[in-house]
Structure formats: C-alpha cells, structure tokens
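Only one structure is covered here, and it is reproduced in the block below.
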Amino acid sequence: MLEPTLAEHPTDVLLLDLSVPTSVKNQNPYPVLYAIPKLLQAYAGLNILVISMFAERGLIRAVMEAGASGYILKDDQATARDLGSVVVSVAGGSIHFSKQAHQLYIKHLSKESNLLTTRQQEVLSLCAAYPNHTTAHLANIMNVSNSTVRNLLSSAYLKLEVNNRAAAIAAAQQQGLITPPPAIHLKQDTRPRQSGLLRRGNLFFNIQSSNAEIFKDNFPPYHAFRNSKNGDVFCFTL
C-alpha cells in the first residue's frame, strides 16, 4: 500500500506506473485510476504523474479526469532526460504531457467547446481571488473533491494553451472569460538587482543540470526514493 509510505515520507510528486497492481486480489488492469482520487483527497499537497506504455486517448482522458498532473509515455526520451525540471515544475502546480499524449488529449478536448466551462471559469476565478489557496482549500469552497479541482484546472490549462495556474488566470482575464484584476499603478523600482539562489518558502534551489535518468535514486535538488512494494513507483520530495 502507498499510504504508509506517503505518511512516512511527505511527498510533492508521485510517479505511478499505470499498470502496477495495487494488490494480488485486485485484478483491475489499471488500478491507479481508482487510487489517484483517494490519494489526492488524503494528501492535498500531492501531485501525481502517471507513466505508461499506452498511447491511448481513452486512458489519457481517464487518468486526467482522475486528477493526475500529467501523462508520460515510457519511450519519451526527452522527458526522461529532463525529468528533474519536469518534477520541479509539477511540484509548483504545472502539468506535463509527453508530446504524443498531449496531442491525443487535445483531440479529446477539441470535441468540447473551445470556451471554458462554467466550472472551469469558476475555479480560475477562485484562483485569481485567492492566489495563496491550495487545491484543498479551493475544493472545500466549491464543495467538490481535490481530484475534481485538479481535473478542472488541467483541462482549463490545455484549452488556454498554458501549463500553470498563474498563466491560466492571466490568459482567461485577457480573453474576458473571468473578471480582470483592478488596475494598480506601481512605482518603478530603480534599485540595483542582486543575483542569488531561487528561494521557495524555506527551500533553496540551485539546479545545475536537468539531465537525469528516470529511475535514478538520488539527484539534486530533490530526493527520490523507490517504493519496493509497488514496483515502479517513485516519490520525489523537494
């Protein structure tokens, strides 16, 4: 079971193989589709990336509707080489697709209206009004599950052709889909800029290389550990 591992190791990004069985008794061919919503509900700060050998539109749609933050194909060498940057980006709220998976999912979304749905507009409006709210806070306001909020956001990102919350808010405001922010006149800061490490909260990042093997156990700026009980399942803690 993943829950004891996640409880012992607070995790920002979890990589799940689409076909890894959750138990001997569970013979469902894609058990993670049922596990993802439960994990996201239990661990509000968790982001899940699914890795798979199947480039099938229906599976990609099901994974994203479950609340995943992306879909990576196992033969995607470009993502494997840049896994470090992908993990950091997803931990910050972005989504990521292998190129082929992205094209297939876009075809699914293109069958829907190009405009944002009422619920997608609602969640982006809340994001704009409460920029510091977590997914769990937004889900509580909307009275829905964490996975539903993640699905609404990821679908909105793709329709707006962006990959993170801030860019989606800006794009929706520019297109008149949600209320724009009030005009604020700021004085220009003429002080000299200083270089230094990027800081996020109490964590400092100094990323020297984005090249990393997809199953490497440890590489900065984050720690990765393998859950031996669940096969190819990797957790990343920033």
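Donor-acceptor pairing under 3.5 Å is lacking for the side chains of H96 and S69. Looking only at atom types and distance, the side chain of S85 has a donor-acceptor partner in the side chain of D82 under 3.5 Å away. Under 3.5 Å, the side chains of S98 and Y71 contain no donor-acceptor pair of N or O atoms.
Contact of the D76 side chain with the K99 side chain is not registered, since no non-hydrogen atoms from C-beta on lie closer than 4.5 Å. For the pair D17 and K74, the minimum side-chain heavy-atom distance is below 4.5 Å. Residues R165 and L153 are in side-chain contact: their nearest non-hydrogen atoms beyond the backbone lie under 4.5 Å apart.
By the ring-ring contact (aromatic ring centres under 6.0 Å, His included) test, H133 pairs with Y130, H137, sequence neighbours left out. Looking at residues two or more places apart in sequence or on another chain, you find no side-chain hydrogen bond (donor to acceptor under 3.5 Å, both in side chains) involving N163.
A side-chain donor-acceptor contact under 3.5 Å links Q121 to the backbone of L116. In this structure, the side chain of S154 engages the main chain of N151 through a donor-acceptor pair within 3.5 Å. In this structure, the side chain of T11 engages the main chain of H9 through a donor-acceptor pair within 3.5 Å. When atom types are taken as modelled, the side chain of Q120 and the backbone of T117 share a donor-acceptor pair closer than 3.5 angstrom.
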List the steps and the verdict of side chain to side chain contact (heavy atoms under 4.5 Å, CB included) for R119 and V144. CA-CA 11 Å; R119 281 303 239 180; V144 297; 3.2 Å; yes
Going through the distances and angles, do H102 and L158 end up as a side chain to side chain contact (heavy atoms under 4.5 Å, CB included)? CA-CA 9 Å; H102 180 266; L158 291 172; 3.6 Å; yes
Would E65 and R61 count as a side chain to side chain contact (heavy atoms under 4.5 Å, CB included) if you check the C-alpha gap in whole Å, the side-chain angles of each, and the deciding distance to 0.1 Å? CA-CA 6 Å; E65 289 182 352; R61 175 190 56 77; 3.0 Å; yes
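For the atom pair CD1 of I169 and OG of S125, the computed distance is 9.0 Å after rounding to the nearest 0.5 Å. Atom CG of L104 sits about 10.5 Å away from atom CG of L59, to the nearest 0.5 Å. Atoms CG and NZ, on L177 and K159 in that order, are 10.5 Å from each other to the nearest 0.5 Å.
Taking all atoms of both residues into account, the shortest heavy-atom contact from L18 to P31 is O-CD, 4.1 Å. Here the closest heavy-atom approach between residue I178 and residue L124 is recorded as CD1-O, 4.0 Å. Closest approach of A101 to L73, counting heavy atoms only: N-CD1, 4.2 Å. The nearest pair of heavy atoms linking C127 to L138 is SG-CD1, 3.6 Å.
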N/O donor-acceptor pairs under 3.5 Å from side chains in residues 35-50, not counting sequence neighbours:
from: Q41; atom 1: OE1; to: N146; atom 2: N; distance (Å): 3.1
from: Y43; atom 1: OH; to: E3; atom 2: O; distance (Å): 3.1
from: N47; atom 1: OD1; to: R150; atom 2: NH1; distance (Å): 3.0
from: N47; atom 1: ND2; to: D12; atom 2: O; distance (Å): 3.1

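Taking the centre of each ring, Y105 and F97 come in below the 6.0 Å mark.
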